[in-house]
Enquirer: 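Okay, here's the structure, questions in a sec.
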Amino acid sequence: MSLIKIINFPSIGDDRGSLVAMETIDKVPFEIKRVYFILDTLKNVSRGFHAHKQLKQIAICVSGKCRMIIDDGKNREEVWLDSPNKGLLIETNLWREMHDFSEDCVLLVLASEHYNESDYIRSYDDFKKMLD
Ligand code: TYD
């Protein structure tokens, strides 16, 4: 089974332009407790490099694109987030990395939990050990 779980958020377009909605009742499989976005990422900067014990997230590039890597300790898969309609569902206990941010990239993240540093696993070795 693929580690890359894409959720399609359709554009509700009309002659004024596009609108994209994300709702728990419909496509988002958790209650959203936090929303944040990453922007103005400098050239050649990669981010992430951690996993979460409890936190689930959906990541969407609402503008521009970036390349996401998802790793479960055994397999490593990648996907380009390159559309405001394309959400990547990141379940618990998955290592994630974000690379190749375009200059105009705005990466929006919907999160199932409040910010909690103790939920992070920031070492790949610890991540692997936790899975054993
Ligand atoms: P971090 O999660 O390490 O960023 P990324 O995974 O995108 O590389 O977060 C960077 C810093 O921001 C870190 O000091 C924690 C802080 N932070 C918050 O205070 N609240 C948040 O919701 C997030 C995501 C990060």
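None of these values were measured; they are calculated from a predicted model. As the structure lists them, so they are numbered: ligands from 1, and atoms in each ligand from 1. Counting begins at 1 with the first residue of the sequence.
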Enquirer: Can we say Lys65 and Asp82 salt-bridge, meaning some charged N sits less than 4.0 Å from an Asp/Glu carboxylate O?
Expert: no
Enquirer: Indicate yes or no: does Glu97 engage Arg47 in a salt bridge with an N to O separation below 4.0 Å.
Expert: no
Enquirer: Are Ser2 and Glu77 close enough, and set up right, to give a side chain to side chain donor-acceptor pair (under 3.5 Å), and what steps lead you there?
Expert: CA-CA 8 Å; Ser2 175; Glu77 294 180 19; 2.9 Å; yes
Enquirer: Using 30° and 60° as the class limits, which term best fits the ring planes of Tyr124 and Phe127: parallel, tilted or perpendicular?
Expert: tilted
Enquirer: Check this for me, if you would: do Asp14 and Arg16 make a salt bridge, where the nitrogen-to-carboxylate-oxygen distance has to be below 4.0 angstrom?
Expert: yes
Enquirer: Find out if a path of hydrophobic residues (ILVMFWY) with successive side-chain heavy-atom gaps under 4.5 Å connects Ile60 to Ile90.
Expert: no
Enquirer: Can you name the residues that come within less than 4.0 Å of ligand 1, going by heavy atoms only?
Expert: Arg34, Tyr36, Ile38, Arg47, Gly48, His50, Met98, Tyr115, Tyr120, Arg122
